[in-house]
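Please read the structure below before turning to the comments.
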Number of protein chains: 2
Amino acid sequence: MDLNYLMDTLRSNGYKITEQRKAILQVLSDNSSSLVSVEQLLCEAKELNKKTNITTIYRNLEIFEKLDLLYRFVTEYGVALYKLACRESSHHHHIICKSCGKTEVIDFCPIDTFKHLSEDKNFNLTDHKLELYGYCDKCQYKKKVKI
Amino acid sequence: MDLNYLMDTLRSNGYKITEQRKAILQVLSDNSSSLVSVEQLLCEAKELNKKTNITTIYRNLEIFEKLDLLYRFVTEYGVALYKLACRESSHHHHIICKSCGKTEVIDFCPIDTFKHLSEDKNFNLTDHKLELYGYCDKCQYKKKVKI
DNA sequence: ATTCATGCAAATGTTTTGCATGAGC
DNA sequence: GCTCATGCAAAACATTTGCATGAAT
């Protein structure tokens, strides 16, 4: 994901470009192929800018999310994980590696299959959530669960 | 869901049947068609047994979950919601009302559709999560979001 | 110069834990 | 009587907020 696009979006929405913001965006960008926790984000952002503070992380994640720059995901244990949102992203689902957190986008959506089922149940279907879990290429033989 | 079955399961696993446990199970049973939060559970359990304590709720939810009596669900805001697990439950998904939390089971699973997609991506697929959201029969015209 | 962003500390909310007491078998 | 379950208080986390200071425009 393009850092310039991210910063332009911030600027055009009246947000200033600070060193901390740059560091956070850089970390998110470096990890754009997997989901990162706040803890990991803080840790890696500190490497880029020692001054980065946890409060700043939280405040910025909220902003990035509001601007649709960030995809927020909550694991079944209630832990929030983040990943930059694809700019061109239309509706899609993810396949997530349970070991390293790597995510891939799956364009196919099976939701139409459920349309008639929900009608049968008199549910007015508005949203859905589908996530596939497994082990990616590299992790298939070490299967150490991190998420 | 049958309270006797629940208590038998507890007993046969070495757990005692206390008034608090009965109250918690009763509340879960009364709400078996929707997801309840810990807060709601505490509130309703207190009506049945004033002595019921939040710590006891947490400890028991953990036990029930471990015995597969309870289905635990985490919303996108990280809030845990619970519902008794169906005894005969095989693999299935849920359709969840965003207003009242009512849930219905959907037996159909589209996961086979993704088998070849995950192979293309060299992902060894092990789990998945699918939830449908909408408004049930009764809530379609009041659409007040609670979950 | 003005406004927004940050850091610190404190507050909040949720869940967990230690320990003494009490209830179930 | 023994064991497990409970209640209380405190601890452990994750996240949010108030406020004064500092950086970006």
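Scope of the values below: all heavy atoms of this structure, side chains included, with no hydrogens, waters or symmetry mates.
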In this structure, how many angstroms lie between the [atom2] atom of [N] and the [atom1] atom of [X], rounded?
X	N	atom1	atom2	value
A/N53	C/dA9	CG	C1'	11 Å
A/I63	C/dT3	CD1	C1'	14 Å
B/N49	C/dA23	CG	C1'	12 Å
A/L61	C/dT6	CG	C1'	15 Å
A/N13	C/dT3	CG	C1'	16 Å
B/N60	D/dC4	CG	P	15 Å
B/Q40	C/dT14	CD	C1'	17 Å
A/L42	D/dA14	CG	C1'	13 Å

Does any donor atom in the side chain of A/N31 or A/E44 lie under 3.5 Å from an acceptor atom in the other side chain?
->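 A/N31 vs A/E44: donor-acceptor pair found between side chains.
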Residue list, ring-ring contact (aromatic ring centres under 6.0 Å, His included) with A/Y15, at least two apart or on another chain |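 ring-ring contact (aromatic ring centres under 6.0 Å, His included) list for A/Y15, sorted by chain: empty.
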For the rings on B/H91 and B/H128, is their centre-to-centre separation under 6.0 Å?
->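 Ring centres of B/H128 and B/H91 closer than 6.0 Å.
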Could you walk me through whether B/K22 and B/E19 pass the salt bridge (charged side-chain N to carboxylate O under 4.0 Å, His left out) check?
-> CA-CA 5 Å; B/K22 277 196 264 181; B/E19 289 305 310; 3.3 Å; yes
Other cluster members, A/V74 - Ile/Leu/Val/Met/Phe/Trp/Tyr, side-chain contacts below 4.5 Å |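 Noted: A/V74 shares its cluster with B/V74.
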Mark yes or no for whether A/R21, through its side chain, and A/K16, through its backbone, hold a donor-acceptor pair below 3.5 Å.
->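 Flag set: sc A/R21 to bb A/K16 pair under 3.5 Å.
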Using a cut-off of less than 4.0 Å, is there contact between a side-chain N or O of B/Q20 and OP1 or OP2 of D/dG7?
->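 Checking D/dG7 against B/Q20, a side-chain N or O does come within under 4.0 Å of OP1 or OP2.
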Protein heavy-atom contacts under 4.0 Å, written 5' to 3' over nucleotides 15-25 of chain D as B (base), S (sugar-phosphate only) or - (none), form the string SBBB-----BS
